[in-house]
Every structure is written in structure tokens, then in C-alpha cells.
Amino acid sequence: MKGKLIVFSGPSGVGKGTIRENMQFNNYVYSISSTTRSQRDGEKDGVDYNFITKEKFKNKIANGEMLEYAEFCGNFYGTDKAIVQKTLEAGKNVFLEIECQGALQVIEKMQDVISIFILPPSLEELENRLIIRNTESREVIDKRLEKASKELLLKGHYKYCIVNDQLDDVVKKLDTILEKEIYG
Ligand code: 5GP
């Protein structure tokens, strides 16, 4: 039997990474994205992302190698089609942690997607989180917030929407959804 595709999405800074790290459910292969953004301190190439040049990314698009991709605040991010397909065919579940443009491409293209959207309690709260995270300049934070306000309008495309107000609650809800979806 083929594995299931989990699409986990939501605005930058909403806490997707922290939620995933705290989940009990771990019956999936995490899809490592390719990106043209520069590597942050502490990030490992081939673990957090495959850090590649814009030229290489554009070639991958031209060769039809991407399942989905998006230009997000000046950088490209995308998912390799071949790896996802091979993993699903091997009967393993695949977890994509991606922004909304890419998530919508996957929802349209693929069948049986478990799509989950994480919302911030408010845009003010999202701004606070991005400031506290301290990984981007003020200019980039403003771009990400502008993007977030548009992304929030797309929540109707997802099967599940969860507001990230209490980490423990969100993690529990997500574990319940995934156990039900995967084990029935
Ligand atoms: P960051 O620069 O903070 O690592 O990521 C920026 C945004 O891009 C986040 O919302 C992240 O989830 C998203 N992202 C990461 N990988 C991918 C990908 O492969 N495809 C798409 N569409 N978005 C991604």
C-alpha cells in the first residue's frame, strides 16, 4: 500500500517546526526541501535544507523535477518530486512542511493529501514570534508579515485548520488527526 502525503503549512513564524518537534506521531519521512536562501547559523546542508543556487533551482523547475515550489520573500523553496514519489511508493508516509503557495499546488496535484494549516492567534502575535525568533532583519519580518496576511485567506483550501495558541493543545490535536488519518 502507498504511503500518505501530509502537507503541513502555515505562515512563516507560526511555529510549524516547534509543533512538529513536539508531536508524538512520527511515522513519516520528513521531506528535505531545496532552497536558494542563505544558510542560517546552526543549519546543516542536507539536513535542514538542500541549499542550492538560483541557477540550479531554475534548472530543476525547467526539468520538471519539482513537485511544488514557490518564490517566498525573494528566495525559492521547493520539494523534489522523485524522492516524494519513491518514498510514497515504498509505503512510507511523507511529511512536507511548506508555505501556502506550494501547499496549494500539492493539494491540487495529488490525491488523498492530509492537509493541515496552522494559524497564529493573531497577526500581532505572529509579529512578536518573528521578532523573538531573531533570524530575520526587520525588513524581512515585514515582508513575511505581509505575506502571512495573504496566506491566512487561503485556509479554506485545507482539510484541517488549527490555531496555535497553546503548544500542548495544538500538538495533541495534530497527533489525533494524524493517528486517525493514518491508522483509521
Ligand atoms: P524559512 O526561510 O523560514 O526556513 O522558510 C520560509 C517559508 O518557506 C516557511 O513557511 C517554510 O515552511 C517554507 N518552506 C520550506 N520548505 C519549503 C518547500 O519545499 N516548499 C515551499 N513551498 N515552502 C517551503
Side-chain angles (χ1 to χ4, degrees), residues 5-21 23 28-54 56-61 63-85 87-88 94-110 113-120 123 125-155 157-158 161-162 164 170 174:
L5 187 56
I6 302 159
V7 172
F8 189 54
S9 189
S12 163
V14 78
K16 299 190 289 289
T18 310
I19 294 168
R20 185 172 57 81
E21 280 161 21
M23 272 164 39
Y28 61 80
V29 174
Y30 179 73
S31 163
I32 299 167
S33 300
S34 294
T35 184
T36 62
R37 121 156 128 58
S38 38
Q39 208 165 332
R40 291 180 191 141
D41 280 352
E43 283 183 332
K44 289 201 182 83
D45 189 21
V47 176
D48 298 291
Y49 281 108
N50 297 312
F51 293 96
I52 62 174
T53 61
K54 270 199 176 148
K56 193 161 176 202
F57 203 106
K58 284 183 179 163
N59 279 338
K60 276 173 169 286
I61 299 170
N63 294 336
E65 290 174 38
M66 305 312 270
L67 171 64
E68 61 75 30
Y69 70 91
E71 193 171 358
F72 181 87
C73 298
N75 289 302
F76 286 106
Y77 296 80
T79 305
D80 243 282
K81 195 178 352 187
I83 297 173
V84 170
Q85 279 176 345
T87 312
L88 291 173
V94 177
F95 194 101
L96 305 185
E97 192 179 306
I98 59 179
E99 57 70 67
C100 297
Q101 261 172 278
L104 294 194
Q105 293 167 36
V106 179
I107 291 168
E108 269 177 27
K109 271 190 212 165
M110 307 283 282
V113 175
I114 306 168
S115 59
I116 301 152
F117 187 70
I118 303 294
L119 294 105
L123 280 173
E125 183 58 33
L126 190 66
E127 181 174 6
N128 286 338
R129 289 180 195 186
L130 283 168
I131 292 170
I132 291 166
R133 195 169 82 174
N134 198 24
T135 51
E136 264 78 32
S137 65
R138 183 68 233 190
E139 193 192 345
V140 175
I141 289 178
D142 286 341
K143 271 196 201 161
R144 287 186 179 223
L145 285 172
E146 196 189 322
K147 185 95 182 162
S149 63
K150 291 185 186 137
E151 288 178 330
L152 293 176
L153 303 174
L154 301 172
K155 64 179 186 182
H157 293 270
Y158 294 81
C161 294
I162 312 175
N164 185 10
V170 180
L174 199 57

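Note that these values count all heavy atoms, side chains included, but never hydrogens, waters or copies made by symmetry. For ligands, and for the atoms within them, numbers begin at 1 and follow the listed sequence.
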Check against salt bridge (charged side-chain N to carboxylate O under 4.0 Å, His left out), Lys16 and Glu99 | CA-CA 10 Å; Lys16 299 190 289 289; Glu99 57 70 67; over 6 Å; no
Cut-off 3.5 Å, no hydrogens considered: what does the side-chain donor-acceptor table look like for residues 67-74, sequence neighbours left out?
| unit_1 | atom_1 | unit_2 | atom_2 | d |
| --- | --- | --- | --- | --- |
| Glu68 | OE2 | Thr79 | N | 3.3 |
| Glu68 | OE2 | Thr79 | OG1 | 2.5 |

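Salt-bridge formation is detected for the pair Arg37/Glu43: a Lys NZ or Arg NE/NH1/NH2 atom is positioned less than 4.0 Å from an Asp or Glu carboxylate oxygen.
Between the side chains of Gln101 and Lys150, not a single donor N or O lies within less than 3.5 Å of an accepting N or O.
In this structure Tyr30 satisfies the ring pair (Phe, Tyr, Trp, His ring centres under 6.0 Å) test with no other residue, sequence neighbours excluded. The side chain to side chain contact (heavy atoms under 4.5 Å, CB included) check on Glu125 picks up Pro121, Ser122, Asn128, Arg129, with sequence neighbours excluded.
Enumerated by chain and number, the residues approaching ligand 1 to less than 4.0 Å through a heavy atom are Lys16, Ser33, Arg37, Arg40, Tyr49, Glu68, Ala70, Phe72, Tyr77, Gly78, Thr79, Glu97, Ile98, Glu99, Gly102, Arg133, Arg144.
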